[in-house]
Structure formats: structure tokens, C-alpha cells
Amino acid sequence: MSSKKYELVNAETGKKSVLEARSGSLGPDCISVASLTRDHGVFTFDPGFMATAACESKITYIDGDAGVLLYRGYPIEQIATKSTFLETAYLLINGELPTPGQLEQFDHSIRYHTMINETLLRFFNGFHYDAHPMAMVSAVVSSMAAFYHDSMDNDNPRHREIFAHRILAKIPTVSAAAYKHMLGQPFVYPRNDMDYCANMLHMFFAVPAEDYVVDPIAAQALELLLILHADHEQNASTSTVRLAGSTGTNPYAAICVSALWGPAHGGANEAVLEMLEDIGTVDNIQKFLGRVKDKDGNTRLMGFGHRVYKNFDPRAKIIREMCHKLLARLGQTDNPLFELALRLEEIALKDEYFIARKLYPNVDFYSGVIYSALGVPRSMFTVMFAIARTAGWVAHWLEMNGDPAMKIGRPRQLYTGPKQRDYVEVDKRA
Ligand code: CMC
């Protein structure tokens with residue numbers, strides 16, 4: 001890695017310090033600011049991490065201006081058309097595409113870790129039938145720490161590997177249990193003779209009363225969505241996993257599913273469908289966009305905009321294409337939600353408000369349309385995203401834990417509260 005130098009001068013005292021910038025293999029240089037506190041007694045202030053790289057990583061690269069997304073160097077377009085979710089997870093976790101033997105071993109290990117402890121299954125009875133599935137999945141995944149506590153030493157590479165396989169294998173089972181609990185249907189046990197996506201669909205949609213045959217088109221669409229959602233470098237939920245994990249906590253507790261839930265992040269796919277249903281028909285689009293553009297309102301065009309992409313999100317292009325194919329193959333070419341989404345995108349992309357702010361459809365603009373075509377209810381969309389993103393969370397947790405230079409994440413602050421003052425007894429307060 002080459003290094004460039006920047007000079008920082010205190011305009012009042014004239015005191016100078018030299019800051020080194022590190023260059024990565026791709027992307028902008030990063031100025032190392034750790035010496036600022038020592039040399040100048042100041043911190044840097046960057047709410048929302050707009051310009052702060054919080055770690056070094058070799059997993060995923062995004063060029064937001066060019067609309068590029070690479071998993072371990074491979075373009076998302078190639079991975080999406082040629083790979084499977086499990087192979088993608090292997091790539092993210094291990095850094096290289098597997099050989100046939102490695103893939104077989106990995107696949108076998110994931111298949112044979114799919115069952116969850118029966119006691120864990122009983123946790124669901126404590127939730128109301130109408131609990132949001134993200135709340136249930138989040139709670140049950142954290143609870144897995146209670147099951148794998150004694151056998152989990154974060155410094156042991158074999159333990160870390162077992163954790164990675166267990167969580168990847170079990171999160172679809174936990175998610176399906178949440179779904180079945182919502183429906184009041186009996187839990188469907190995993191089937192190790194099925195591949196990852198077919199098994200997921202089976203656990204979600206099979207009922208004991210009749211046979212369920214997995215539709216290969218549905219499994220293929222699910223595979224694609226899982227690949228596209230598998231990782232996205234230092235997004236909010238992954239950064240949460242890193243921050244929690246940096247304390248050395250049990251990794252199941254660090255897999256913080258709830259950080260994905262908010263509508264600004266993984267919850268956007270659910271919010272997009274709500275928005276489309278709220279708009280209703282093409283005739284209402286302009287009125288809706290008027291609300292979005294109103295400076296005094298707080299309506300957003302959900303599924304549009306991204307912190308990093310200031311050009312098309314490459315995942316949105318792939319998903320839109322898949323929507324066309326899937327709906328045609330399911331005989332739903334006149335799907336009203338998809339038609340509405342297409343028109344909304346077309347109109348918004350010509351609108352000065354969105355052009356000026358470089359707002360384009362993101363991955364979630366169309367993912368909900370696919371999920372609903374597959375029969376997945378709206379409240380489960382973000383859970384599907386969480387299943388996929390588990391691969392990324394695990395890859396980042398492993399990368400961080402394998403790094404001997406790992407430090408606890410501990411941001412500083414700009415304190416604006418009261419200065420030191422003396423305590424006043426309660427009877428003396430006005
Ligand atoms: N609709 C309308 N205006 C928007 C939108 C939107 N979706 N997104 C950004 N803006 C405007 C915003 O009002 C601001 O305008 P102004 O400069 O006049 O104040 C400007 O664009 C910059 O917005 P920002 O909020 O500072 O941008 P950000 O980088 O902090 O936020 C975002 C990124 C994804 C949270 C935001 O674009 C958003 O809320 N989008 C809708 C929710 C969404 O689709 N989220 C999914 C993201 S992709 C999947 C994932 O990450 O999980």
C-alpha cells in the first residue's frame with residue numbers, strides 16, 4: 001500500500017501536523033486521523049459516518065458513482081447470474097470461490113446444521129400471533145447465545161467456523177418458525193435433502209395436510225434475491241455487528257437482526273409495498289410525488305436513494321429484470337404493483353427533484369414485488385433480507401475476529417450538555 005501525506009494547520013496557533021493517507025486496492029484514500037487527538041487535542045466530527053472509514057476490509061467494494069458492486073472482487077452481475085447463495089456465502093466468508101470439493105463440504109455442513117433445539121422452538125409460544133416477525137427472529141437469534149455459550153471461544157478459529165455454519169444453516173429455520181407462528185400453522189422441520197432455497201420455501205409454505213412441491217422458478221428467484229442482499233460492506237446493520245462483536249461478545253448476540261429493521265435500511269422493502277398500495281393507481285403518482293417534494297412534509301419515495309450509490313444501484317437493475325421474467329413465468333404479466341412501480345420509477349427519474357439529488361431506485365424498490373409474487377407476506381420481507389445478510393454479517397464478524405489488530409469500537413462525541421454543576425437537594429429545587 002502506498003501512502004500520501006496531508007498537512008493540517010491550526011489556523012489560530014499555526015501548529016502543523018502531518019496526516020498519512022492510506023490507499024486501498026480500490027476507492028478513495030483514507031486519512032488516518034488517530035494522531036489528531038495526540039497532536040492537537042481534538043476529535044473529528046462526522047455524524048452518520050458520511051466521510052469516515054471505520055475499518056479495513058477485503059470483502060465487498062462499492063463504487064457509488066459508477067454503480068459498481070464487487071463481492072471479493074467479482075462483479076455482482078456475474079455472481080447473480082452464475083453463482084448460488086451458498087457459493088456466494090462461501091466466497092464472502094472465505095475470500096475465494098470454492099473448489100467443487102470445498103463447495104460440497106460447505107453445502108453438506110450447512111444442510112446438517114439446519115435443525116434448531118426444540119427448546120428454542122418453544123420460545124415462539126411466548127409471542128402473540130401478531131408480533132412482527134422481525135421482532136421474533138431478532139429475539140430468537142440473540143437467544144441462540146444461550147445455547148452455544150460454553151462451546152464458543154471467539155479466539156478459536158474452529159469455533160468461529162462452527163458458528164458461521166450454524167447461523168447460516170439455522171436462520172431460515174428460525175425465520176420459518178416465526179412465520180408459521182404468525183399463521184398459527186404447525187412448524188415444518190427442515191429437509192436436508194433439499195438445497196438452501198428449496199428448503200426455505202418448503203419450511204415456509206408446506207403444511208402437514210398436503211404435499212408441497214417446490215416451484216423451481218420460485219427457488220431460482222429466491223436464490224437471486226439472497227445473493228443480491230448477501231453483503232453491502234459497512235452498512236448500518238453490518239457496522240452494528242462489528243461494533244457489538246468488537247467487545248468480544250458471543251457472536252449470536254452480535255448478530256443484531258433488529259439493526260436491519262428500520263425503513264431507512266432493510267425495512268424499506270416492506271415500506272415500498274405499503275407505499276405502492278397507498279398510491280393505488282398511476283393517476284395518483286404525481287400527487288404522491290408532490291407530497292415527497294414538499295419541504296414541510298416527511299414523506300419519502302421508499303426504495304429510492306442510497307448513502308453510497310449516486311447512480312443506479314446495480315442490484316435494482318438485476319431485480320427489475322428478474323421481476324419481468326418471474327411475473328411472465330408465473331403468468332402475472334399484468335401484476336398491478338409491478339406496473340405501478342415501473343411507472344413511478346419512470347416518472348421520478350425524469351423529475352428535477354430526484355435528478356438534482358441523484359436519487360435512483362435501490363435494491364428494495366422491486367424486491368418486495370418479487371416476494372409478494374412468491375406468496376411471501378409483506379411483514380416477512382425484511383426477514384428474507386436478514387437471512388441473506390447473515391452471510392455478510394458472518395463474513396465481517398470473522399474478518400474482524402481474525403484480525404490481530406482488532407480494537408473495541410468506541411466512538412468519541414461532541415458534548416453539548418451542561419457544564420459541571422452541584423447537586424441540589426430535592427426540597428431546595430424550585
Ligand atoms: N425520497 C425523497 N427524498 C429523498 C429520498 C427519498 N427516498 N432519499 C433522499 N432524499 C433527499 C433528502 O430529503 C435530502 O434532500 P435535501 O438535500 O433537500 O434535504 C437529500 O435527498 C439527501 O438525503 P439524505 O437523507 O441526506 O441521504 P442519506 O444518504 O442520509 O440517506 C437513505 C440515504 C437510503 C436513508 C435515503 O435515501 C432514504 O431514506 N431512502 C428511502 C429509504 C430506502 O429506500 N432505504 C433503503 C436503502 S437500500 C437498502 C439498504 O440499505 O438496506
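The first residue in the sequence is number 1, and the count goes up from there. Numbering of ligands and ligand atoms starts at 1, following listing order.
Partners of Arg378 under the salt bridge (Lys or Arg N to Asp or Glu O under 4.0 Å) rule, at least two apart in sequence or in another chain, are Glu274, Glu277.
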May I have the list of side-chain donor-acceptor pairs in residues 33-40 shorter than 3.5 Å, sequence neighbours left out?
{"from": "Thr37", "atom 1": "OG1", "to": "Val42", "atom 2": "O", "distance (Å)": "3.1"}
{"from": "His40", "atom 1": "NE2", "to": "Ser17", "atom 2": "OG", "distance (Å)": "2.9"}

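Aromatic ring centres of Tyr148 and Phe163 lie farther apart than the 6.0 Å criterion allows.
Under the 4.0 Å criterion applied to side-chain N and carboxylate O atoms, Lys82 and Glu87 are not assigned as salt-bridge partners.
Applying the salt bridge (charged side-chain N to carboxylate O under 4.0 Å, His left out) rule to pairs touching residues 237-258 yields Arg242-Glu399, sequence neighbours excluded.
When Phe354, Tyr309, Phe312, Tyr353 are each tested for a ring-ring contact (aromatic ring centres under 6.0 Å, His included) with Phe304, only one passes: Phe354.
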What are the distances between nitrogen or oxygen atoms of ligand 1 and protein nitrogen or oxygen atoms, counting only those under 3.5 Å?
{"from": "ligand 1", "atom 1": "1 (N)", "to": "Leu301", "atom 2": "N", "distance (Å)": "3.0"}
{"from": "ligand 1", "atom 1": "3 (N)", "to": "Tyr353", "atom 2": "OH", "distance (Å)": "2.9"}
{"from": "ligand 1", "atom 1": "7 (N)", "to": "Leu301", "atom 2": "O", "distance (Å)": "2.7"}
{"from": "ligand 1", "atom 1": "7 (N)", "to": "Phe304", "atom 2": "O", "distance (Å)": "2.9"}
{"from": "ligand 1", "atom 1": "13 (O)", "to": "Arg300", "atom 2": "NH2", "distance (Å)": "3.4"}
{"from": "ligand 1", "atom 1": "15 (O)", "to": "Arg357", "atom 2": "NE", "distance (Å)": "3.1"}
{"from": "ligand 1", "atom 1": "18 (O)", "to": "Lys295", "atom 2": "NZ", "distance (Å)": "3.4"}
{"from": "ligand 1", "atom 1": "18 (O)", "to": "Arg357", "atom 2": "NE", "distance (Å)": "3.0"}
{"from": "ligand 1", "atom 1": "18 (O)", "to": "Arg357", "atom 2": "NH2", "distance (Å)": "3.0"}
{"from": "ligand 1", "atom 1": "25 (O)", "to": "Arg300", "atom 2": "NH1", "distance (Å)": "3.1"}
{"from": "ligand 1", "atom 1": "25 (O)", "to": "Arg300", "atom 2": "NH2", "distance (Å)": "3.0"}
{"from": "ligand 1", "atom 1": "29 (O)", "to": "Arg307", "atom 2": "NE", "distance (Å)": "2.8"}
{"from": "ligand 1", "atom 1": "30 (O)", "to": "Arg307", "atom 2": "NH2", "distance (Å)": "3.0"}
{"from": "ligand 1", "atom 1": "39 (O)", "to": "Arg300", "atom 2": "NH1", "distance (Å)": "2.9"}
{"from": "ligand 1", "atom 1": "40 (N)", "to": "Phe304", "atom 2": "O", "distance (Å)": "2.9"}
{"from": "ligand 1", "atom 1": "44 (O)", "to": "Gly303", "atom 2": "N", "distance (Å)": "2.8"}
{"from": "ligand 1", "atom 1": "44 (O)", "to": "Asn362", "atom 2": "ND2", "distance (Å)": "2.9"}
{"from": "ligand 1", "atom 1": "45 (N)", "to": "Ala264", "atom 2": "O", "distance (Å)": "3.1"}
{"from": "ligand 1", "atom 1": "51 (O)", "to": "His265", "atom 2": "ND1", "distance (Å)": "3.3"}
{"from": "ligand 1", "atom 1": "52 (O)", "to": "His265", "atom 2": "O", "distance (Å)": "3.3"}
{"from": "ligand 1", "atom 1": "52 (O)", "to": "His265", "atom 2": "ND1", "distance (Å)": "2.6"}
{"from": "ligand 1", "atom 1": "52 (O)", "to": "Gly266", "atom 2": "N", "distance (Å)": "3.4"}

